[in-house]
Amino acid sequence: MTLELVDVSMDYRLHGQQKRALDGVSLTVSPGEFLCVVGASGSGKSTLLSLVAGLTTPTGGEITLDGHPITGPGPDRGLVFQTGSLYPWRTVERNVAFGLELLALDTAERGRRVDWYLAETGLAGVRRSLPRQLSGGQQQRVAIARALVCEPDVLLLDEPFGALDVQTKEDMQLLIRQIWRDTGTTVLMVTHDVEEAVFLGTRVVVLASDPGRVAAETSIPLPDDRGLATKRTLAFLNLRASIEDMVRASHRSGVTR
Amino acid sequence: MRTALADRTSDVRATWPPLPRRTRPRPTLLTIRTPISRRAATTLTVLSLAVPFTAWVVLSASGAVPATFLPSPGAVLSAGWEMARSGELAVDVWTTTRRVLEGFGLAVLVSVPLGILMGTFHAGQAAFEPLIGLLRYLPASAFIPLLIIWLGLGEPSKIAILFIGTVFFNTLMTADVVRGVPRSLIDVSYTLGARRGEVLRKVVVPHSLPGIIDAVRVNAAAAWNFVVVAELVNSTAGLGYRIVRAQRFLQTDKIFAVLVVIGVIGVMIDVALRLVRARVGRWAG
Ligand SMILES: Nc1ncnc2c1ncn2[C@@H]1O[C@H](COP(=O)(O)OP(=O)(O)O)[C@@H](O)[C@H]1O
Ligand SMILES: [Mg+2]
């Protein structure tokens, strides 16, 4: 399962004007990898994921999964947004079950799978709650479980912890690392948070803004077993600083005076 | 803050006088979006009903207004009781209710799917919005003569008026509700493997249902108005017919009694739909 983007470009038309959101992006996501794409807001991160998810079609270049071009959205590429994509009328367990309800599975089989992912994401205790009764962190865990239960080849995360407070965010970072290691899922995550990218990723790609393009890429030679203490190690801080420099250099600032 | 600033002699702001501070008004009964005490709320509600009623009682008892203009509450009650006892009222209520059920029921059956179509597909919107947007502005009562020519004096023309009076609004309101389904919910459903029909059935419809019931509730009130208007012209039964007939014999007390019945049934419909809405929309909190 390899995800490959070759020279992908995306132009939006807005009020008759052409706006280039992505320009010649080439990327390869290898099986089992946790690839983090960092870039400033507006650098085309969401556009990139929406293209990989198949929700939009690139205006140039090609995206393939295992050599097959992506023609539309599907459960082989699970997507998690920053907020607000849970079905508000469905309980936690029925949100998670959504993708399985579309398949010819018997109830026991479906239940077994839902149970496993609820346990994995620590949601067993709130399985009958409605989304509005959950905290922001719990809601994101539901969204992650709902995508994972479909056994995607690659899990696409669009700033999934961007709306959370720092403590919850760190809990979620540990959780997603744990899930990644437990399930062996390939993860492609975009974020503006360099620390998060370094902590989570096995590799980090820096996206330059306007138009969005790959500015740099670096592997993260940190041990697989990462805890919050990892964030205080010299190796981590050095990586973080150098990537932050790259992000800053590739971001044309509009607030100088 | 100010002293720290004033120390910086180069800062022009140091020469500005301090901004005046306004005192905060005490919270009152009319503080925006602020709950009032239960007692105050009950008092206001009771007063809002008791004052007009008392005015009615006093006005009719004083003899300032002739009874043929303004019958006393007692006269209205006994006129209503008389109609109920003779079985006349039951027939009228049922006749009118049946017309609403048929005419508005048909309108709901047409407008909800059509509204979902218009709210979901740009093609549906392009095809139907201009015509329906125009037809909505034609007053249904203006269709009465035309419908009588087309459909005769019987039931079909009355049901058609109800239908015309409600179907366009309910369609456009449904379409608006459906357009409010968040894009992200639709997108995420596709990424979970749903197909178009499944997205409609399992996402668009459930998300829109509370809003659709709201639209139906608003338009049910309109239907209830239209039916009485429709019955004013050439009927042999129904609450509107009863009003016209009572007018012919100057039975104002009877007119009042029928108006009260119309109001009470209207409120009952509203309450029933509110309950359904609360049940269906529980998830929205
Ligand atoms: N649907 C759209 N129509 C027009 N322009 C868009 C659309 N979506 C995104 N853009 C533009 O493309 C650029 C990248 O947006 P986005 O992918 O959302 O960036 P990010 O997720 O990194 O903040 C921005 O300049 C944005 O204004
Ligand atoms: Mg974004």
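Since this is a predicted model, take the numbers as computed values, not measurements. Here is how names work: the chains are called A, B, and so on, in the same order as the sequence lines, proteins then strands, and each is numbered from 1.
The number of heavy atoms from other shown groups lying within 6.0 Å of CD (A/Gln18) is above 12. Atom CZ of A/Arg132 is surrounded by more than 12 heavy atoms from other residues, nucleotides or ligands within 6.0 Å. Within a 6.0 Å radius of CZ in B/Arg195, other residues, nucleotides and ligands contribute 12 heavy atoms or fewer.
Only the side chain of A/Arg90 comes within less than 4.5 Å of a heavy atom of chain B; its backbone N, CA, C and O stay farther away. When heavy atoms are compared at a cutoff of 4.5 Å, A/Phe81 approaches chain B solely by way of its side chain, counted from C-beta outward. In this structure, the portions of B/Val203 lying under 4.5 Å from any heavy atom of chain A include both its backbone and its side chain. Only the backbone of A/Arg77 has a heavy atom closer than 4.5 Å to any heavy atom of chain B. Contacts of A/Leu79 with chain B are made by both backbone and side-chain atoms, with heavy-atom separations under 4.5 Å. Heavy atoms of B/Arg183 lying under 4.5 Å from chain A are absent altogether.
Here the OG atom belonging to A/Ser85 is positioned 12.5 Å from the CD1 atom belonging to B/Ile186, to the nearest 0.5 angstrom. Residue A/Arg146 holds its CZ atom at 7.0 Å from OG of B/Ser189, rounded to the nearest 0.5 Å.
Between chain B and the residues A/Pro88, A/Pro131, A/Gly74, the most heavy-atom pairs under 4.5 angstrom are made by A/Pro88. For chain A, the option among B/Gly193, B/Ala284, B/Ala194 with the highest count of heavy-atom pairs below 4.5 Å is B/Gly193.
In this structure, B/Leu192 and A/Pro75 have side chains that are not in contact, with every pair of non-hydrogen atoms separated by 4.5 Å or more. Residues A/Trp89 and B/Val280 fail the side-chain proximity criterion, which asks for heavy atoms closer than 4.5 Å.
Among the residues in residues 91-112 of chain A, those with a non-hydrogen atom closer than 4.5 angstrom to a non-hydrogen atom of chain B are A/Phe98, A/Gly99, A/Glu101, A/Leu102. Using a 4.5 Å heavy-atom cut-off against chain B, the contacting residues of residues 37-65 of chain A are A/Ala53, A/Leu55.
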